[in-house]
J.: 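Dropping a structure here in structure tokens format, bear with me for questions.
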Amino acid sequence: MKPVEVKKGVYWVGALDWDIRDFHGYSIYKGTTYNAYLVIDDKVTLFDTVKKGFESDLLHRIRNIIDPKRIDYLVVNHVEMDHSGGLLEVARQIEPEKVFCSPMGHKNLLAHFHAPDLPYEVVKSGDTLKLGSRTVHFLETRMLHWPDSMFSYIPEDKLLISSDAFGMHWATSERFDDQVDQAELMAHAAKYYANILLLYSPLVQKLLAQVKQMNLDIDTIAPDHGLIWRGDPMKIVGAYDRWSRQEACAKALVVYDTMWHSTEQMAKAIYDGILDEGVCVQLKNLAATHRSDIMTELLDAKALVLGSSTLNNNMLPRMADLLTYIKGLKPTGKIGAAFGSYGWSGEAVKNISDELAAMKVELLDPGIRHQFVPDHEALKKCRELGSRLGRAINEAGCKLPGYGCSR
Ligand code: FEO
């Protein structure tokens, strides 16, 4: 196996996890990677480790380049277990002179591994570390993705090692952005942003402004998951700028769960009404669509329209699951409405509307409820709601094309 050289003397030494399908509630259809980077300099330095169980993959890749015992420094950019689960085993093998981490990283590493004897060295934003011909500049990036997260920037290589930021869950044989299909690349990056980073969007905006102000010369961004951005690193920076501003596209999302297809008929009528206004619309049945794929579509949608039958005086459980998930990720600037068929009590529509209002979704309608099977008149009402939503999207002046609109 040939080592993967990212820059002269800088190697990708991470692990591929082809089999993982669930990342605490986020569906991963094509696995992921746990990236780690080895820099050969006067002080040989390893940036991040891998998830527990993948230590031998990492050490094997390192041995193809250098004896792991020759590693002097270990930099922990992020403590979450997908990057540090293998830390104790790796540290035992390489016996680093120092383990660098942020102040929160130090606290979190102690709380995870209970190993105060590791040679920790705490670094803060603005601190630098001389490796020989290179200098590492540290930048704390709190909450991207945890309070301990930080970037390591190596100006001599124009290289930003960005931890979770700019990553994606996608296991591939290719290691670089310019080796893969661009639409698939951006779809994985969008899904990752929507499901992991969306709630931290205000911090992403601040960080992007800070990096711009620092005028960092970057031609390669090496995240801890997925592909390394060397062909067009500014493509993902631009996308993060758009996603973190939560700019909506001319796109609506109609999501439903249904017991006996009545709510489904209502969903289809709303879908038709939105389409009548020339707006791109996605129709998703929760029985067939994972919550994290819905979240991805919502990233750039202007309207969120949710429907559920009533079960035991409430919405169906899959809708409650979706609402809990969406609420945590804090999308902003959406319009929406609720709808649903019911038998005798019909609380689902109000309960969904209340949840949408709590998320500051601007409701265009108090919600459409219909007892049992909708007739033509009831479906006409749904179609009219769809048209109203479509017109509101057009009036909001959403111009950008949305992901999924041509799918
Ligand atoms: Fe990839 Fe926050 O861990």
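Whatever order the structure lists ligands and atoms in, that order sets their numbers, starting from 1.
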J.: Hey, can you tell me if H83 and H78 have their rings parallel, tilted or perpendicular (30° and 60° cut-offs)?
T.: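 Plane angle between 30° and 60°, so tilted.
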J.: Is the shortest side-chain N to carboxylate O distance from E89 to R92 below 4.0 Å?
T.: yes
J.: Checking R61 against Y11: charged group under 6.0 Å from the ring centre and within 45 degrees of the axis?
T.: no
J.: Which N, O or S atoms belonging to the protein are less than 2.8 Å from atom 2 (Fe) of ligand 1?
T.: H78 NE2, E80 OE1, H145 ND1, D164 OD2
J.: Would you please classify the geometry between the Y193 ring and the W243 ring as parallel, tilted or perpendicular, with 30° and 60° separating the classes?
T.: tilted
J.: Between R230 and D219, is there a side-chain N and carboxylate O pair less than 4.0 Å apart?
T.: no
J.: Let me see the working for Y34 and D48 under side-chain hydrogen bond (donor to acceptor under 3.5 Å, both in side chains), right down to the final yes or no.
T.: CA-CA 9 Å; Y34 311 114; D48 294 310; over 6 Å; no
